[in-house]
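Take a look at the structure set out below.
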Amino acid sequence: MADEAVAERAAEPASHDPQKPQSSRSPEAPPRGGERGGERGRDRGDGQAQGEAEAHDGPEAGDDEAAERAKERERAADRIKDLTRDPLAEEDGEDGPTDLAAAARARRAGRKLLTSGRDFTSFDRSRIGHAHIGDINVSLDARRSGVAMRGGPVPEEELRRLRRAHVEPAGYVRLRRALESRRLLVLGGAPGTGRTSTALALLDEVTRDGAGDGGRVRRVDPHQGEGVRGLVGDVNGGEGGEGGERRGTGYLLELALDRPGTLPPDEMDLDQLASTLAEGDAYAVVVVSVGSAANPLLAGRYGMVCPPAPSQELVTVRLRERLEEARDHEALERAARIAADPEVIEAVGLDDLRPAEAELLASLLAEHLLGSLTREELLAGCRGIAAVQAHEWFAGVDRALAAAPSSGDGRTPVRSATAALFHPVAFRIALAVLGGGSHSAVSAAAHLLTWELSVQSDPDSTPSRPLFCDDPESDRALSRARSDNGAIDVAGAEVTGQLIFYRGSALPAAVLAEIWDRHFPVRAPVVRWLRLLADDPRPQVSVRAAVAAGELSVRDFEYGFGELVRPLAEASSPRRRVFAATALDQVAGHASHRKAVRKVVDDWSRYGTASLRWTAAMTLGHGRAADSVDAALDALARIGVRDQGRQLAVASLNVVRLLTLPECATVLRRLGQWAEHRREEYQDLALVTIVRLATTGVDEVLDDEPGTPLGDRGDWPLLLALAVTRPELTGTLADLLWTALNTARSRDVAFDALEALLRSASRGERGEGREGGEGREGGDDRMRPGLAALLPALTSDEHDRQQLEWLLRRMMRDQDRPLTTEQASALWRLAVPARQRRSDEEESHG
């Protein structure tokens, strides 16, 4: 048939009986019957010949039976249509949308965030306050200097070592000049960033020419006296009147403003201290942690933020110290090459190092160069650095609550600041679970967890938290986080928003391991919190939380399965069951637990309740919950055909997901077998899966990252992408689609799916055609190879081409989205090669 014939015949009015109602979407019925290569007979589902029944029972009985058969066919067609709807949307209504593509992206991001070979850290944490690796003994207690350090003079030996090893951060000169001019400096920074070392270095410089016998630089015990007011008395010499002996002294005070009941000093207190320091020719640096409590101090005339020291310089200086005794001039260069090794960088897993971490890494590299550590021990030690940071963040956080001050009557403790104390902790956990998501999602989840932690700690009190004290910069600084602009999935569309990440790939897994392995009472509030996240409609929240739940379950499968997986697998909400399935698949990703997961899923598919079978089907679709693809297909078929196909929809969805695996041919072969099965339930499973395959996008089911053949076609229909990436399967794909198009109960929904497939590949740069019949001929050029491969195999004979012609004419007559003449002609040329078109023309002209 000539290309122009499609357009000419589309312009003709559809002939129909005006007395018979017709669907506005289908002006004509598609051609029926036909054969395909001798393999398919007449249209499936026609039943026995109607004439025999009419001749046997008479005209009236024949009419009744024909009407009943028509109703039965209509019911079967409606059932197939219902089964092809999204099985995940049933809680939102029959047409409620679910964003499978966003869920797939969130799952990939969560797996990338947490699956980094760190599930069982080999780092020795028997004494986590120090790092013991071989003969290395590096103190890591600087993080709590303001709490653990007692007051008194700083030894000159420590100051000399500090002068030799200190690496000046950016802006150090500006900090020194501010201290010299004002006598007082409030220095803000996150714990462990070297803020105390910088404060000591500053005081050492400005007090070089002063000092009596009491020491040039003195630490002030924050627990003695009244903080800044107590320091005023200390500068004056206290009750003993020793002020003259302390002229020219530098004072270091570290304030712990996160302790319950602690109030920051006001500006008048600071002015009084500065005046007293000037009278005594002394200096003071008050170190505070960044946060909402310290913001007024840092915004005042004495406040400045301490930048972190550069990581590379820190490591180089520490290496030089370690290798001085070896007298090997080439050792430093070799150490630099080892430090730049991608395997070492991945093992460390931190974007930047803090002073104690740089010292530890330098010690590891030096010991490795000197032969004291093997490469495996070096890598194990590097992996432990993030574990040390995680321990520092959570060790003894609520110790202050155990000794909270009384309310005055000696009986009731005061814990009004519980929520403020737990918020930084909750933010770090939320960032470990949802890192890479939007800052708002992480913050909201952190507040939910803050509530759960507060209630767990003090169930008799209602937690309270100020509404205007959040500080994003403080959250990032205290959690070693960074933010960046990126794409966020919102209602099926991508928009630009602010994303937040840990500054290091090792920190998320280290944080989860720390809270789960070393702080058992935290598990209960975290489990309640994860269940709340499971109900979140945003895939970036619920799916990422499910991946984290799977990683936690790996560390204690008995607890994780009993508290998280099994209860949610039996839930009435599909969203919760998807959470359980995702968590189970994450567990199956670990070889140590794969056998257990497969046993659980197999038992659920055979003997479980309807909810457990549904969850098992969703787990099987990931491809790791069965011994083989054949075993997964057996289980999915068992679930799909049971109870008259009650769960056939979810089974078909997960059969389609298996088509993204390398064993795609096995899945297609089984679909063909089900289509020829004598039981109608198996036939329906095949038909529904085929239709779903034609309507599913690659990005809705793919686990691969971009860069793979399918991953690079994320916006393609899966059927077209498979036809291009697996050309040897094109014939099988076409045969399966032909079966659905030529089976009575699936014909209508299959033609709708084919129309959606053609439209998806025919969109112009500005949409699906424009007014006036203009549009880009051929549609999306990237999908042309897929159509060029599939359509000729689908229209191998005259009957098939008649069906395609009918569909194209229906699409051209669509009042809402008419297909342009150019687009229809281009699709016809792709479906019918030039040689076949010439042959058809010759036959038509006789």
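Computed from a prediction, not measured in an experiment: that's the story for all the values here.
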So does [Y] get a backbone contact from the side chain of [X], meaning a donor-acceptor N/O pair under 3.5 Å?
X	Y	answer
Ser311	Leu353	yes
Arg613	Ser605	no
Gln540	Asp489	no
Trp516	Leu552	yes
Asp536	Leu532	no
Arg594	Ala588	yes
Arg480	Asp351	no
Ser457	Leu453	no
Arg111	Arg107	no
Thr660	Arg657	yes

Is [Y] close to [X] at the side-chain level, that is, under 4.5 Å between some pair of heavy atoms?
X	Y	value
Asp535	Arg531	no
Thr582	Met618	no
Asp352	Pro308	no
Ile429	Trp529	yes
Leu364	Cys382	yes
Tyr607	Leu612	no
Arg555	Asp517	yes

Closest heavy-atom pair, Pro355 versus Gly194, reported as atoms and distance to 0.1 Å, is CG-CA, 3.6 Å

Requested in this report: Please lay out, stage by stage, how Glu514 and Arg428 fare under the test salt bridge (Lys or Arg N to Asp or Glu O under 4.0 Å).
Outcome: CA-CA 12 Å; Glu514 173 68 22; Arg428 291 162 188 155; over 6 Å; no

Row check, Phe501 ring normal vs Arg482 NZ/CZ: under 6.0 Å, within 45° |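 Yes, a cation-pi geometry.
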
* Anything under 30° is parallel, anything over 60° is perpendicular, the rest tilted; go ahead and classify Phe520 against Tyr559. =>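 Rings of Phe520 and Tyr559: perpendicular, as their planes differ by over 60°.
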
### Query
Relative to each other, are the rings of His439 and Phe427 parallel, tilted or perpendicular (30° and 60° limits)?
tilted

About how many Å separate CG of Leu658 and SG of Cys664, when rounded to the nearest 0.5 Å?
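With rounding to 0.5 Å, SG (Cys664) is 10.0 Å from CG (Leu658).
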
Notebook entry, point to check: Any luck finding a side-chain donor-acceptor pair between His368 and Glu377 under 3.5 Å?
Noted result: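 Not at all, the side chains of His368 and Glu377 share no donor-acceptor pair under 3.5 Å.
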
request  = May I have the step-by-step check of salt bridge (Lys or Arg N to Asp or Glu O under 4.0 Å) for Glu563 and Arg523, ending in yes or no?
outcome  = CA-CA 10 Å; Glu563 297 294 328; Arg523 290 188 179 186; over 6 Å; no

